[in-house]
**Q** 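There's a structure below that I have some questions on.
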Number of protein chains: 4
Amino acid sequence: MAGVNKVILLGNLGADPEVKYLEGEKVVANLRLATTESYKDRSGNRVDQTEWHDLEMWDGQAKIAEQYLRKGSQIYVEGKIKSDTWQDENGQNRKRMRIRVNSFTMLGGKPEGNNPSPAPMNNPQSKPAPAPSNTGNKPLDEGEDDLPF
Amino acid sequence: MAGVNKVILLGNLGADPEVKYLEGEKVVANLRLATTESYKDRSGNRVDQTEWHDLEMWDGQAKIAEQYLRKGSQIYVEGKIKSDTWQDENGQNRKRMRIRVNSFTMLGGKPEGNNPSPAPMNNPQSKPAPAPSNTGNKPLDEGEDDLPF
Amino acid sequence: MAGVNKVILLGNLGADPEVKYLEGEKVVANLRLATTESYKDRSGNRVDQTEWHDLEMWDGQAKIAEQYLRKGSQIYVEGKIKSDTWQDENGQNRKRMRIRVNSFTMLGGKPEGNNPSPAPMNNPQSKPAPAPSNTGNKPLDEGEDDLPF
Amino acid sequence: MAGVNKVILLGNLGADPEVKYLEGEKVVANLRLATTESYKDRSGNRVDQTEWHDLEMWDGQAKIAEQYLRKGSQIYVEGKIKSDTWQDENGQNRKRMRIRVNSFTMLGGKPEGNNPSPAPMNNPQSKPAPAPSNTGNKPLDEGEDDLPF
DNA sequence: TTTT
DNA sequence: TTTT
């Protein structure tokens, strides 16, 4: 019964986060993260292999993502694999895997050129916040809420 | 370009490994691994949440899996996320995620009752082997050289 | 400023946990964990290499350790490296590294023979508890306190 | 006997790597890596807590470190804990922990200002090399074979 | 669709 | 002794 399901990713966002404000104070952000592995094939040519990951962040974390992450941002992520299953319109069973993010760390990378500042907030009542660089890896006494401020 | 794509799992196999011998000495094993997380919901009831993972092992690792792993075996796994994409019969884009295993460790757990001994080998010329408890974590002198070029 | 400091261990305890009850409801448990790597040297002989780790757990986690972990117990651990520095009696700078445990999972293994049941509690007012198999990897809504019950 | 001993670090180098060329083509690099965790204490003040790690790299990896890493470089590291024990001049048992690096990835960060280009090589016969961004995570066909015997 |  |  005891289990471990852990994912560690380091890569760049393929697009700005997509953030949705749901009922009851819930917020969810969806992000696309590319992790690229580079190696030489047998003929000596360098090959880049990119894997795309669907990330899901909630609440405080989602708001931080919305404020600070942009297309191109480089982040380190810890999370877990989470799959949804459903039936599609043809009655076939479908499955979709996602990474549920537990914590992430911004590493710099270069956000998009002509909009270097944080994007306008969708959430008007959100308070201004200092730039965080880390979410989730909190000291134990304060628990693992997702808001570093 | 620098990227990290790492998965760490600890759980039990839902079935015996499925092993295929391909041309050119290639061997592949597919396994289903369950990782179960147990927590109490807001009404205080214990809830088990199980995630199923599709694992893929190759060559020497696949043979070890075939010899030593069974439905119910408990293993620790390191690997990476790997997705295949294709078009289904309706012309829709489909995607399937898998864990490409880099190394695994057998932890005991309980193999199935009435077939406690290793399953018959599909591969007649395979040599008998001592029971390993670890794959992939190689000694320094042999393993992983460090030059990416 | 952004940093990651993460340790993942899987091994067996070299002794029963040492638990101390401090003032103000604080509890700390110290444990010795062995991780053994097995490989063949260049002459083909199997070599076991064991590394011993000093683990530190606090509060709820420490109590779970006291109740359920014994010499020989096999556990999976996530934590971080934490060092103390001080001057010894000769005025020399000394440093000691420890693993501060964030979460652990019991994997079975074999507790000591003649005392198979949980050791008597040092802490009289502690309530009886169901056997947990996992600490720390909690759903986000409940945060990362260490008590699974 | 099966064990896991894994360390994941992300931080900045406190100094240039120290590289030693030993007999028989062996090369070792020692590095100091800082991982900084940032959190708010109970009075709401932001606190930075830095842990310093001693890293050890060998051979090809050591050469890459020598060529490309500098004081201030930001890297992601995977490795394992490795301790040496000895008796000091007072006859006391001493222990020293180190991280034996299995692979690392350069993340940018800003190398020192007035010496932006790679340092001169200590190793005259080394061939010029393209800037790598990743070590150790090898392509499947070459890397990590899977047979521990 | 990212990054170097 | 790093970094933001």
Side-chain angles (χ1 to χ4, degrees), chain A residues 9-18 30-40 46-55 65 68-77 104-113 129-135 148-149, chain B residues 1-5 83 85 93 95 148-149, chain C residues 1-5 83 85 93 95, chain D residues 9-18 30-39 46-55 65 68-77 104-113 129-135 137:
Chain A
L9 302 174
L10 196 162
N12 298 277
L13 296 184
D16 290 359
E18 289 181 14
N30 291 284
L31 305 93
R32 294 275 290 164
L33 183 77
T35 57
T36 302
E37 191 180 352
S38 189
Y39 63 91
K40 299 230 292 200
R46 185 150 289 278
V47 180
D48 275 10
Q49 200 168 333
T50 294
E51 182 72 35
W52 286 96
H53 308 270
D54 290 312
L55 310 185
Y68 297 105
L69 300 185
R70 290 294 169 272
K71 179 177 176 179
S73 295
Q74 187 184 36
I75 59 174
Y76 168 90
V77 164
F104 71 91
T105 296
M106 291 177 246
L107 299 176
K110 62 241 54 179
E112 285 281 85
S133 58
N134 212 320
T135 77
F149 45 79
Chain B
M1 184 146 27
V4 173
N5 172 357
S83 58
T85 51
N93 289 322
K95 185 180 183 181
F149 45 79
Chain C
M1 186 148 23
V4 174
N5 171 358
S83 57
T85 51
N93 289 322
K95 185 182 183 179
Chain D
L9 303 173
L10 196 161
N12 299 276
L13 296 184
D16 289 358
E18 290 181 15
N30 291 285
L31 305 95
R32 295 275 289 163
L33 183 78
T35 57
T36 302
E37 192 180 352
S38 189
Y39 64 92
R46 184 149 290 277
V47 180
D48 275 10
Q49 200 169 332
T50 295
E51 182 72 35
W52 286 96
H53 309 271
D54 291 313
L55 310 185
Y68 296 104
L69 300 184
R70 292 293 167 272
K71 180 178 177 178
S73 295
Q74 187 184 36
I75 59 174
Y76 168 90
V77 165
F104 71 90
T105 296
M106 292 178 245
L107 298 176
K110 59 242 55 174
E112 286 280 86
S133 59
N134 212 320
T135 76
N137 288 327

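In what follows, chains carry the letters A, B, and so on, assigned in the order in which the sequence lines appear, proteins first and then strands, with residues in each chain numbered from 1.
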**Q** Can you tell me the distance, in whole Å, between the CG atom of A/Leu33 and the C1' atom of E/dT2?
**A**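 Atom CG in A/Leu33 sits about 8 Å away from atom C1' in E/dT2.
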**Q** Specify the separation, in whole Å, of atom CE of D/Met106 and atom P of F/dT2.
**A** 21 Å
**Q** Within the 4.5 Å heavy-atom criterion, are A/Leu107 and D/Gln74 side-chain neighbours or not?
**A**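 Yes, their side chains come closer than 4.5 Å.
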**Q** What is the separation between atom CG on D/Asp48 and atom P on F/dT2, rounded to the nearest whole Å?
**A**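 D/Asp48 atom CG is separated from F/dT2 atom P by 13 Å.
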**Q** Provide, to the nearest angstrom, the distance between the CD atom belonging to D/Glu51 and the C1' atom belonging to F/dT3.
**A** 15 Å
**Q** Between A/Ala65 and A/Leu31, which heavy-atom pair has the shortest distance, and what is it?
**A** CB-CD2, 4.5 Å
**Q** For D/Asp16 and F/dT3, what is the distance between atoms CG and C1' respectively, to the nearest whole Å?
**A**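 Taking atom C1' of F/dT3 as the reference, CG of D/Asp16 is at 15 Å.
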**Q** List in chain and number order the residues that pass side chain to side chain donor-acceptor pair (under 3.5 Å) with D/Asn30, two or more places apart in sequence or in another chain; answer none if no residue qualifies.
**A**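 D/Asn30 satisfies side chain to side chain donor-acceptor pair (under 3.5 Å) with no residue once adjacent residues are dropped.
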**Q** For the pair made of CG in D/Leu107 and P in E/dT3, what is the distance, rounded to whole Å?
**A**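 About 15 Å, once rounded to whole Å.
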**Q** Give a yes or no on whether the backbone of A/Lys71 and the side-chain of A/Asp16 come within a donor-acceptor separation of less than 3.5 Å.
**A** yes
**Q** Without decimals, in angstroms, what is the distance between A/His53 NE2 and E/dT3 P?
**A**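 Value for this atom pair: 16 Å.
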**Q** Mind calculating the distance between CD (A/Glu37) and P (E/dT3) to the nearest angstrom?
**A**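 Taking atom P of E/dT3 as the reference, CD of A/Glu37 is at 19 Å.
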